[in-house]
2 protein chains.
Amino acid sequence: MTPPDTTPPDRTRRNRADEPPSQPAFVEHDHHACSGRALEHAERMVREAGLRLTPVRRRTLEILLEEHRALGAYDVLARLAEDGFGNQPPVAYRALDYLVEKGLAHRIRRLNAFAACMAPGHEGAPVFLICGECGCVAELPAEDIAGRLAAAAGGVGFSVERLSIEAKGTCPSCRDNAGGRTCP
Amino acid sequence: MTPPDTTPPDRTRRNRADEPPSQPAFVEHDHHACSGRALEHAERMVREAGLRLTPVRRRTLEILLEEHRALGAYDVLARLAEDGFGNQPPVAYRALDYLVEKGLAHRIRRLNAFAACMAPGHEGAPVFLICGECGCVAELPAEDIAGRLAAAAGGVGFSVERLSIEAKGTCPSCRDNAGGRTCP
DNA sequence: ATCCGTAATATGATATTATTACATATTCGA
DNA sequence: TCGAATATGTAATAATATCATATTACGGAT
Ligand SMILES: [Zn+2]
Ligand SMILES: [Zn+2]
Ligand SMILES: [Zn+2]
Ligand SMILES: [Zn+2]
């Protein structure tokens, strides 16, 4: 099923040092730079890892990058259709699945939705913090937790291949001005 | 489908001293005792916590307890209908939601499915180990990880309310006799 | 240039999962 | 016994996801 695909993830390069490691989404930040960084990462993968960022895929990524929020496949599909792409479910699912596979987006299972990866290159299962009020989704690095988890699983003979850690709760913005809806 | 379980002659049973800490599901064990324990826990809640384990709910729990596997809501619904209960989706969803709310079952988001809680009373977000081969679902206690996670989230001002940790991979049974399908 | 194989896309249909709405029945306490 | 809360049955529909098939775009090899 899985296509051959010989693009190694290559973790040989840490991102540029001076960049603050991608704010937790609900703190005030320059989102234009934030999404730009993610897009740059994708471009770099195009050049260096043979990524095929076709128009649909690229547009899908852009759409996801607009907000720190997860979009349902059908939301994405509607946006794609507006832009002249196909309007059948597989159009969106294909693009989304591809992005997820390449680590440029994540699937948020609790929401049945997809979010752009805002910390590209991290290569470790992130933790998603989902605010139940404003719907913003923050991505927290959690290599240590993932490692600890894999170890615990290994202890009972289970080998982990994919890991999803999702926390639903309240983001600081929403907690402070309750009902304010200031987040993303 | 599979004839109702011939409770394998367990030679691997740890003596049930106080609380046999609920085997990881894919190790050979006396599942009859395993599910019985969960059912007992439910009964105790009925007596001590005013739980209302109506016929549908009880039957739903029994169905989930049959195997260490997650069942889709519609699978459960079909079983319920066989037994003379309603055959419309809300019948299953209501019962399942109730069980989840009371901690007697879990929702496995990665599978869009539900599994009985095999370690009732734990009350800490468990880790689910989902075998991609045989579909068995094991539940590992992970209070420490949950706590660590909540701390990390709190560090950025996010307060966690619900947490789901799900790992997909391969269980020891399936890894050993590859393709053997011996698990639960 | 032409051919061929693979990947990507378009489209229609179908499958699966989940919710809403409302009517009826039951339980439980004043 | 009455009324409120809870639970169930049923129909309709929404939301999410996959399948099947045909067509097109784009390599590399003749
Ligand atoms: Zn941003
Ligand atoms: Zn928020
Ligand atoms: Zn068991
Ligand atoms: Zn297995």
Side-chain angles (χ1 to χ4, degrees), chain A residues 1-7 45-46 49-61 64 69-102 104-115 135 164 166, chain B residues 42 45-46 49-61 63-64 69-102 104-115 135 164 166 168:
Chain A
M1 220 14 128
T2 22
D5 177 74
T6 53
T7 60
M45 283 183 71
V46 169
L51 192 76
R52 301 180 64 169
L53 201 58
T54 63
V56 216
R57 291 168 180 170
R58 188 191 172 96
R59 186 76 193 104
T60 301
L61 180 56
L64 290 182
R69 185 173 309 182
L71 289 181
Y74 281 73
D75 298 327
V76 171
L77 179 57
R79 298 287 307 275
L80 288 175
E82 280 177 14
D83 295 346
F85 296 98
N87 70 339
Q88 298 297 316
V91 172
Y93 279 101
R94 266 196 307 258
L96 289 167
D97 288 346
Y98 183 86
L99 293 176
V100 168
E101 185 188 317
K102 300 304 179 186
L104 296 173
H106 299 288
R107 186 166 198 158
I108 313 294
R109 313 217 72 121
R110 180 174 283 270
L111 301 177
N112 289 324
F114 299 81
S164 57
E166 302 174 358
Chain B
M45 284 183 71
V46 168
L51 190 77
R52 300 185 61 174
L53 200 58
T54 62
V56 216
R57 291 168 181 169
R58 188 192 172 93
R59 187 75 194 106
T60 301
L61 180 55
I63 290 169
L64 290 182
R69 184 173 307 182
L71 288 181
Y74 281 74
D75 298 327
V76 172
L77 179 57
R79 298 284 309 273
L80 289 174
E82 279 176 15
D83 295 346
F85 296 99
N87 70 337
Q88 297 298 317
V91 172
Y93 279 102
R94 275 195 294 246
L96 289 166
D97 289 345
Y98 183 86
L99 294 176
V100 168
E101 185 188 318
K102 301 302 182 187
L104 296 173
H106 299 288
R107 185 167 200 158
I108 313 295
R109 311 216 76 118
R110 180 175 283 269
L111 301 176
N112 289 323
F114 300 81
S164 57
E166 301 174 357
K168 188 175 169 208

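Quick note: numbers below take in every heavy atom, side chains included, and nothing from hydrogens, waters or symmetry partners. So that the names make sense, note that chain A is the first sequence line, chain B the second, and so on, each numbered from 1.
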>> Counting only side-chain nitrogens and oxygens, does B:N112 get under 4.0 Å of the OP1 or OP2 atom of C:dA18?
In response: yes

>> Using every non-hydrogen atom in the two residues, find where B:T60 and B:V56 come nearest and quote the distance to one decimal.
In response: OG1-O, 2.7 Å

> Looking at B:V100 and B:R107, what are the two nearest heavy atoms and their distance?
Replying inline: CG2-N, 4.2 Å

> Can you list, by residue number, the residues of residues 70-90 of chain B that have a non-hydrogen atom closer than 4.0 angstrom to DNA chain C?
Replying inline: B:Y74, B:P89, B:P90

>> Taking the axis from the first five pairs and the axis from the last five, what angle separates them in the helix from C:dA1-D:dT30 to C:dA30-D:dT1, rounded to 10 degrees?
In response: 30°

>> At 4.0 Å (heavy atoms only), tell me whether A:R52 reaches a base, stays on the sugar-phosphate, or touches nothing.
In response: sugar-phosphate

>> In whole Å, I'd like the distance from the CD1 atom of B:I108 to the P atom of C:dA18.
In response: 12 Å

>> Whole angstroms only, please: what is the OH-P distance between A:Y93 and C:dA13?
In response: 19 Å

> With a 4.5 Å limit on heavy-atom distance, are the side chains of A:N112 and B:N112 in contact?
Replying inline: yes

> From the 5' end of DNA chain D to its 3' end, which nucleotides mark the outer limits of contact with chain A, defined by a 4.0 Å heavy-atom distance cut-off (strictly under)?
Replying inline: D:dT16 to D:dC19

> Looking at B:A73 and B:F114, what are the two nearest heavy atoms and their distance?
Replying inline: CB-CE1, 4.1 Å

> Heavy atoms under 4.0 Å, any strand shown: does B:R109 hit a base, just sugar-phosphate, or nothing?
Replying inline: nothing

> For the atom pair CD (B:E82) and CD1 (B:I63), what is the distance rounded to the nearest 0.5 Å?
Replying inline: 8.0 Å

> Just wondering, do B:L64 and B:L104 contact through their side chains at under 4.5 Å, heavy atoms?
Replying inline: no

>> Here's a test of your reading of the structure: between A:R94 and B:Y98, which maps to the more 5' nucleotide of DNA chain D?
In response: B:Y98

>> Apply side chain to side chain contact (heavy atoms under 4.5 Å, CB included) to residues A:L51 and A:Y98 and explain how you reach the verdict.
In response: CA-CA 10 Å; A:L51 192 76; A:Y98 183 86; 3.4 Å; yes

> Atom CZ of B:F114 and atom P of C:dT17: how far apart are they, to the nearest Å?
Replying inline: 10 Å

> Atom CG of B:D97 to atom P of C:dT17: distance rounded to whole Å?
Replying inline: 15 Å

>> Working to the nearest 0.5 angstrom, can you tell me the gap between B:L99 CG and B:R58 CZ?
In response: 11.5 Å

> Do any N or O atoms from the side chain of A:R59 and from the backbone of A:L80 form a donor-acceptor pair under 3.5 angstrom?
Replying inline: no

> Which heavy-atom pair separates B:A92 from B:L77 by the least distance, and what is that distance?
Replying inline: CB-CB, 3.8 Å

> Across the strands shown, which category fits B:V91 at heavy-atom distances under 4.0 angstrom: base, sugar-phosphate, nothing?
Replying inline: base

> Is the side chain of B:E166 donor-acceptor paired with the backbone N or O of B:R109 at a distance under 3.5 Å, no angle test?
Replying inline: yes

